Every structure is written in structure tokens, then in C-alpha cells.
Amino acid sequence: MDTPQAVLQRLKDGNARFVADMADGQLQDSKRRRQLVAGQSPYAVILSCADSRVVPELAFDTGLGELFVIRVAGNVANTSTVASIEYAVEHLESGVCVVLGHDSCGAVTAAIDGASHGDNLDHLLSHIHPARDQPGSSDVNAVVKRHAQHTAKHLAERSSVINGALEAGKLTIVAAYYDLNEGSVTFLDAV
């Protein structure tokens, strides 16, 4: 099993290839599909926004079975996404979790505007309010970064499984920010 530093470097290297239009596109063929029939062992969990312009497998130049990706508008840590992270950490032994926000996020923009968007979307947006309500710029991209950092920091509070893995040194959680124009990922901090 790779160290968290090695996994983060692997993600950074893959993103550098993606940004440079040099993605290698490995592990995406029928041979790889057959290898994964018996099981999976993704080296990282990515909690990402559902935005169609943000595709972690492409942004990190990974193949099938390398990432356990959870996508939900605003990359929020609701009960279902936390449970999915728990599964990856406890059963698949993924040792790195990246909370990936992106610029111009529509969910964060909606949370900032404060209008009602119906019960379901309002519930989802309530997960973004702590970052929206923190002191600092109300610029959407500043709030996106704060939200990714807040989510990364508070995942352990939401889950004894995640907290236990962090305390045992089996998990590292990092916030990150995806630039839609460049395709680059900036890692913000680790928990």
C-alpha cells in the first residue's frame, strides 16, 4: 500500500499530465475490466461535485479501479456520501480522501444567494452554509475553497469510522480546488 504522500504525488503527477494534454489513458481497456471483476482496491477516494465539467478520473489521469469517486452537487458530505467514504476506507482500505471543489460551482452560488430552491435543494445547500457564513470574501471561488476545507476538516466529526482511520494513521483527508479553465488541481491542506 502506498503512503499518503505517494498517493498525493500520484494524483498530482496525473493532473500535471492532464493539464499538459499528455494523459496516458492507461488501465481503461478490456484487460483492465477483466482484472477488476474479482474486486477493487482504489488508492484514493474523491468527493467531487456532480458538475459535468469536473471528471476526477480524467483530471487525475487514472484508469478503471484506481479512484473511488463520489459525486454530488456542491461536493457535500451528507449521510450518503459519508457512508460511501466509510465503505471505501473500511472495506477497500483507501488511504487518501480528497474533497474536490471547483471554481464557479453552481451549488455554492445558490447557497450564497440564499433564496429558496425547494426542500431537497435547500437541504443540500444547508451543508454549504457553514463555509458561506465564515468570515472572509463572499466570492464564489473563495467560498468553494472554504467549503472544501470545512468538509475535509469535519468528515471525522461525522463518522467514527473515518475518525478511527485518521487516528490510526490509515487515512489522510485533503481539500482541493479544480480550475475549470486550466484543468489544474490545487491541494489546499490535509486533515
Side-chain angles (χ1 to χ4, degrees), residues 1-12 14-15 27 35-51 54-57 59-60 62-102 105 107-108 111 120-134 144-178 185-191:
M1 179 181 280
D2 288 336
T3 66
Q5 297 79 8
V7 169
L8 289 171
Q9 190 59 54
R10 194 171 178 181
L11 294 171
K12 290 174 185 178
N15 183 243
L27 304 176
Q35 290 172 340
L36 293 170
V37 169
Q40 61 176 320
S41 57
Y43 58 80
V45 179
I46 312 292
L47 173 55
S48 175
C49 185
D51 190 300
V54 182
V55 182
E57 296 89 343
F60 293 115
T62 60
L64 298 170
E66 293 189 289
L67 300 180
F68 192 88
V69 178
I70 304 151
R71 294 179 65 168
V72 61
N75 49 280
V76 301
N78 60 27
T79 302
S80 296
T81 56
V82 171
S84 295
I85 294 168
E86 288 177 341
Y87 176 78
V89 169
E90 190 168 45
H91 298 284
L92 304 177
E93 299 180 359
S94 298
V96 171
C97 177
V98 177
V99 179
L100 183 62
H102 69 91
C105 179
V108 172
N120 294 314
L121 186 52
D122 286 350
H123 176 74
L124 181 125
L125 297 177
S126 71
H127 293 276
I128 301 170
H129 292 171
R132 177 198 70 184
D133 297 342
Q134 285 179 353
V144 164
K145 291 174 185 173
R146 283 198 307 265
H147 173 56
Q149 291 170 312
H150 179 270
T151 301
K153 182 177 178 184
H154 293 281
L155 277 172
E157 295 171 10
R158 302 275 317 273
S159 164
S160 61
V161 170
I162 293 170
N163 186 54
L166 282 168
E167 288 183 356
K170 295 180 179 180
L171 179 65
T172 298
I173 303 174
V174 181
Y177 177 80
Y178 179 79
V185 175
T186 303
F187 289 88
L188 303 172
D189 59 11
V191 175

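None of these values were measured; they are calculated from a predicted model.
For the residue pair A44 and L11, the shortest heavy atom distance occurs at CB-CD1, 4.3 Å. For N75 against C49, the heavy-atom pair with the smallest separation is CB-N, 3.6 Å. Considering all non-hydrogen atoms of both residues, C97 and L155 come closest at SG-CD1, 4.2 Å. In terms of heavy atoms, A156 sits closest to L166 at CB-CD1, 3.5 Å. Counting all heavy atoms, side chain and backbone alike, S159 lies closest to V82 at CB-CG1, 3.8 Å.
How far CD of Q35 is from CG of L27: 7.0 Å, rounded to the nearest 0.5 Å. Note that the NZ atom of K170 and the CD atom of E90 stand 9.5 Å from one another [nearest 0.5 Å]. Between the NE2 atom in H150 and the CG atom in D133 there is a gap of 10.0 Å [rounded to 0.5 Å]. Atom CD of E93 is separated from atom CG of L171 by 12.0 Å, given to the nearest 0.5 angstrom. Interatomic distance, CD of Q149 versus OH of Y177, reported as 12.0 Å (0.5 Å rounding). To the nearest 0.5 Å, the span separating OG on S41 from CG on L36 amounts to 8.0 Å.
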- Message: Applying side-chain contact (heavy atoms from CB on, under 4.5 Å) to I173 and I162, what does each step give before you reach the verdict?
- Response: CA-CA 9 Å; I173 303 174; I162 293 170; 3.7 Å; yes
For this session: Before giving the answer on side chain to side chain donor-acceptor pair (under 3.5 Å), spell out for N163 and S160 the whole-Å C-alpha distance, their side-chain angles and the decisive distance to 0.1 Å.
Result: CA-CA 5 Å; N163 186 54; S160 61; over 6 Å; no
(message) Let's go through L92 and Q40 carefully: what are the C-alpha distance in whole Å and the side-chain angles of both, what is the deciding distance for side-chain contact (heavy atoms from CB on, under 4.5 Å) to 0.1 Å, and is it a yes or a no?
(response) CA-CA 7 Å; L92 304 177; Q40 61 176 320; 3.7 Å; yes
I'd like to know whether F68 forms a side-chain contact (heavy atoms from CB on, under 4.5 Å) with Y87, so could you lay out the CA-CA distance, the side-chain angles of the two residues, the decisive distance to 0.1 Å, and finally the verdict. CA-CA 10 Å; F68 192 88; Y87 176 78; 3.9 Å; yes
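Proximity of I128 to V76: side-chain heavy atoms (C-beta onward) are separated by under 4.5 Å at one or more points. Between V174 and L8, some side-chain heavy-atom pair lies under the 4.5 Å cut-off. Side-chain atoms of F60 and L67, non-hydrogen and from C-beta on, do get closer than 4.5 Å to each other. Between V98 and L47, every side-chain heavy-atom pair lies at or beyond the 4.5 Å cut-off. Residues V72 and L124 form a side-chain contact, since some pair of their non-hydrogen atoms from C-beta on lies under 4.5 Å apart. Between H102 and D51 there is a side-chain heavy-atom pair separated by less than 4.5 Å.
Side-chain atoms of H147 do not come within 3.5 Å of backbone N or O of R132 as any donor-acceptor pair. The closest donor-acceptor contact from the side chain of N15 to the backbone of V185 lies under 3.5 Å. Although no hydrogens or angles enter the test, the distance criterion places no donor-acceptor pair under 3.5 Å between the side chain of T151 and the main chain of A148. With hydrogens and angles ignored, the 3.5 Å screen pairs a side-chain donor or acceptor of R71 with a backbone N or O of V54. A donor-acceptor contact shorter than 3.5 Å links the side chain of S94 to the backbone of P42.
Residues E57 and T62 have side chains that never bring a donor and an acceptor to within less than 3.5 angstrom of each other.
Take E66 and apply the salt bridge (charged side-chain N to carboxylate O under 4.0 Å, His left out) test, not counting sequence neighbours, and it matches R10. Looking at residues two or more places apart in sequence or on another chain, you find a ring-ring contact (aromatic ring centres under 6.0 Å, His included) between H123 and H127.
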